[in-house]
Protein chains: 2
Amino acid sequence: MTIKEIAKLAGVSTATVSRVINGDLSVKKDTRANVEKIIQKTNYWPNLMARGLVKKKTNIFGLMMPRFDGWYSQRVEAILDVCSRNKYGVMIASGLAKYEEEMENLNLLAKQRVEGIIYSAARITPRHREIIAQIIERIPMVLVDQAIDELNVPAILQDNYRGAQKAMRHLLECGHRRIAFIAPPQDDIEAEKRTAAFYDAMRAEGLDVPEGHFQRGDFSIPSGSQGMERILEGGDPTPTAVFAANDNMAIGAIDCLIRRGLRVPQDVSVMGFDDIAMARHFLPALTTVHQDQVAMGTQAAELIIEYKKYKKVRLKKIILEPELIVRDSVQRLGEARG
Amino acid sequence: MTIKEIAKLAGVSTATVSRVINGDLSVKKDTRANVEKIIQKTNYWPNLMARGLVKKKTNIFGLMMPRFDGWYSQRVEAILDVCSRNKYGVMIASGLAKYEEEMENLNLLAKQRVEGIIYSAARITPRHREIIAQIIERIPMVLVDQAIDELNVPAILQDNYRGAQKAMRHLLECGHRRIAFIAPPQDDIEAEKRTAAFYDAMRAEGLDVPEGHFQRGDFSIPSGSQGMERILEGGDPTPTAVFAANDNMAIGAIDCLIRRGLRVPQDVSVMGFDDIAMARHFLPALTTVHQDQVAMGTQAAELIIEYKKYKKVRLKKIILEPELIVRDSVQRLGEARG
DNA sequence: AAAAAAAATGAAAACGATTACAAATTCTAT
DNA sequence: ATAGAATTTGTAATCGTTTTCATTTTTTTT
């Protein structure tokens, strides 16, 4: 079924059919009705490639994610929702492990002529910057989770500093003074703000952090275990609380503590960050900092649609405020419940 | 940059440029070299819509998932991997809650002229069957997780009966005789085979299942808790083991047991199904049945690519064998370790 | 060196829509 | 009834490729 056949069946020109399809109001009422009836009957749907060719539109956005796991699922669905409501398809690519591949996949998206790219980035290296700079010359992009200030690309972030600050405030309010930190990977500039908040909070209380109480992790569960291991083995006094830079590492830390016969939270409190879906179901249920994934996804999609519509965007940086979620893995110091 | 401009720069016709791009070997060596140099220099990439229009190919597959959460993440990435290696883009849609929307989104994919659809289905209703029947007249499809025997659509499944059988065998071998079952939703025909395996195994041992020891769930964590609650409240003797039809419900069940002061696995053993990523990190680490998501994704993608290539497919039903994973949540009856 | 065969190239017609612009039709006001 | 305006419709060019077929160029054979 092509527009030509519809035109023939309706006894009009293709131009008229096209007008009907596109809701042009200069078509007489009964002509329109007739054409619509035939479109209905034949189950015709315009060829989007032909249309795209002349309109120079693919009606597809590209979505680049580090991976498509549970952590991003609500974000992906929010994006999907906004896009399809605006008649955009969503084509995906994933970053996988190595960023060589990530950049290759990003280029692939660009070559597919997507009209815009929503890019959730785990980290931004100089090589990333270079390739992104090239791409945004041709294709609008919005970054999520990271920002590149020297490039003019809008970004959706959460306030990592504020979030970690809230976490630390809670730990301190619960009376903890010996607090260890399992840190994010150093090259994640955004997450590294959690580190800053940790140190600032400790300093503000006049508390010293022994070297062994600061361990790097890579956001994975095993790295949380290892970090905890080293904290305990380092020869420093055992902390009363541990702040992990994300929930996975908090889970790893708890795993390690329990294996060594320590109780959480009675012996050691553990604070997470992210509020992954499992956090509330873990035992003990994780006290953590919540990120609004739906908001991030929705805003990212709306931002790029807004850009397509008006060729510019109101805000180039949207920073969302994370929220402290108090559950069971952090306990007031010295309390003996549980 | 269009093919015309390249042609002009190279001093040849667009036909020749097109031949170079498509690796046609009837182009003289130096002509080819020259054209390629210019393509390189100008960073030209052919317009895929124009190409698609004449070749009648979009080079895009549609991927329909119930949702994009952790459970499907490896499958999605495997699909993505195979597709991009074969120069296909992947456009996504999700089923969300209501299947009205699911079907609408499926139709949307079809209208976007994807060349094939990989459809991971949570359940198949008559309405699904109807719409799928329509779609496969025009677009090849492969189903994952479910099959529709009366329609000629290839499917990738795991052997749910065998998987549940393995789980039951393990429970029985551990000496359990009072085994309760938290069942899948009734309309999931595939998962319901786990129910069959449960009853068959019990019957084979001459064991009776009191009514209260069989509770329906909906695969969610809370429904697992509720099911467990009803099993304990039903007035029947407390089971020594519980088999949950998926890991989420197993986690819910454990949650419930612990809240009521029962220890897992010392007082009650819990068997899951799926082996979600968190299963190994949960406390106690979940004994469960593993599904190979990577294999499912890879095979699904390869199947549809094979179909595109040869217009037919070797196998129309691929059934993968799940594997029992023994961890800590199931214990030999009467053992007192832990 | 000419004829025949093979190889390389180009001209032009698709593919299926949209959209200026022109042409035809209908309506309004005299 | 008719000029002029307003409304509808159609013609044909266009988007950027690929591909058939004809033509030109090169190579081989005699």
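The sequence lines fix the lettering, A, B, ..., with proteins before strands; numbering per chain opens at 1.
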Exercise answer: donor-acceptor pairs, residues 29-48 of chain B side-chain atoms, under 3.5 Å, sequence neighbours excluded:
residue	atom	partner	partner atom	Å
B/R32	NH2	B/D24	O	2.6
B/T42	OG1	B/I38	O	2.8
B/T42	OG1	B/I39	O	3.3
B/N47	OD1	B/M49	N	2.7
B/N47	OD1	B/A50	N	3.1

(message) Using whole Å, what does the distance between atom P of nucleotide C/dC15 and atom CG of B/N59 come to?
(response) 20 Å

(request) Determine, for B/R129 against B/E150, whether the closest basic-nitrogen to carboxylate-oxygen distance falls under 4.0 angstrom. (result) yes

(request) Return yes if a side-chain donor-acceptor contact under 3.5 Å exists between A/S120 and A/R75, otherwise no. (result) yes

(request) Before accepting this row, confirm whether a basic side-chain N of the pair A/R127/A/E130 lies closer than 4.0 Å to the acidic partner's carboxylate O. (result) yes

(message) Is a donor from one side chain sitting under 3.5 angstrom from an acceptor on the other, for B/Y72 and B/E77?
(response) no

(request) Using atom CG of B/L53 as one end and atom P of D/dT14 as the other, report the distance to the nearest whole Å. (result) 17 Å

(message) Do A/Q291 and A/Q158 pair up side chain to side chain, a donor and an acceptor below 3.5 Å, judged on atom types alone?
(response) yes

(message) Can you measure A/L48 atom CG to C/dC15 atom P for me and round it to whole angstrom units?
(response) 18 Å

(request) Output the distance between atom CD1 (B/I92) and atom SG (A/C83), rounded to the nearest 0.5 Å. (result) 9.0 Å

(request) Mind calculating the distance between CG (B/N22) and C1' (D/dT20) to the nearest angstrom? (result) 15 Å

(request) Can you tell me the distance, in whole Å, between the CD atom of A/E5 and the C1' atom of C/dA17? (result) 13 Å

(request) To the nearest Å, give me how far apart NZ (A/K4) and C1' (D/dT11) are. (result) 13 Å

(request) Name the closest nucleotide to the B/K56 side chain, picking from C/dT18, D/dT18, C/dC15. (result) C/dC15

(request) Can you tell me the distance, in whole Å, between the CE atom of B/M49 and the P atom of D/dT18? (result) 14 Å

Would you mind writing out the side-chain donor-acceptor pairs for residues 55-64 of chain B within the sub-3.5 Å range, not counting sequence neighbours?
residue	atom	partner	partner atom	Å
B/K57	NZ	B/Y88	OH	3.0
B/K57	NZ	B/E115	OE1	3.0
B/K57	NZ	B/E115	OE2	3.4
B/T58	OG1	B/I60	N	3.3
B/T58	OG1	B/R113	O	2.9
B/N59	ND2	B/K87	O	3.0

(message) As an exercise, state the distance from CD1 of A/I135 to CG of A/N107, rounded to the nearest 0.5 Å.
(response) 4.5 Å

(message) Side chains of A/D292 and A/Q74 only: does a donor on one sit below 3.5 Å from an acceptor on the other?
(response) no

Please list, pair by pair, any protein nitrogen or oxygen found under 3.5 Å from a nitrogen or oxygen in nucleotides 6-8 of chain C.
none

(message) What's the angle between the local helix axes at either end of the helix from C/dA1-D/dT30 to C/dT30-D/dA1, using five pairs per end and rounding to 10 degrees?
(response) 40°

(message) Give the residues of residues 9-21 of chain B touching DNA chain C, defined as any heavy atom closer than 4.0 Å, sorted by residue number.
(response) B/G11, B/V12, B/S13, B/A15, B/T16, B/R19

(request) Please lay out, stage by stage, how A/V144 and A/Q293 fare under the test side chain to side chain contact (heavy atoms under 4.5 Å, CB included). (result) CA-CA 11 Å; A/V144 189; A/Q293 290 286 358; over 6 Å; no

(message) Within the 3.5 Å criterion, strictly below it, is a donor on B/H128 or B/Q146 matched to an acceptor on the partner's side chain?
(response) no

(request) Would you indicate whether the side-chain heavy atoms of B/I136 and B/P140 approach each other to under 4.5 Å? (result) no

(message) Please confirm whether the shortest side-chain N or O distance from B/K57 to OP1 or OP2 of D/dT18 is below 4.0 Å.
(response) no

(message) Can you measure A/I3 atom CD1 to C/dA14 atom P for me and round it to whole angstrom units?
(response) 18 Å

(message) The test is side chain to side chain contact (heavy atoms under 4.5 Å, CB included); show your working for B/V90 and B/V76 and say whether it passes.
(response) CA-CA 10 Å; B/V90 175; B/V76 170; over 6 Å; no

(message) Short of 4.0 Å, heavy atom to strand atom, which residues of residues 39-47 of chain B count as contacting DNA chain D?
(response) B/Y44, B/P46, B/N47

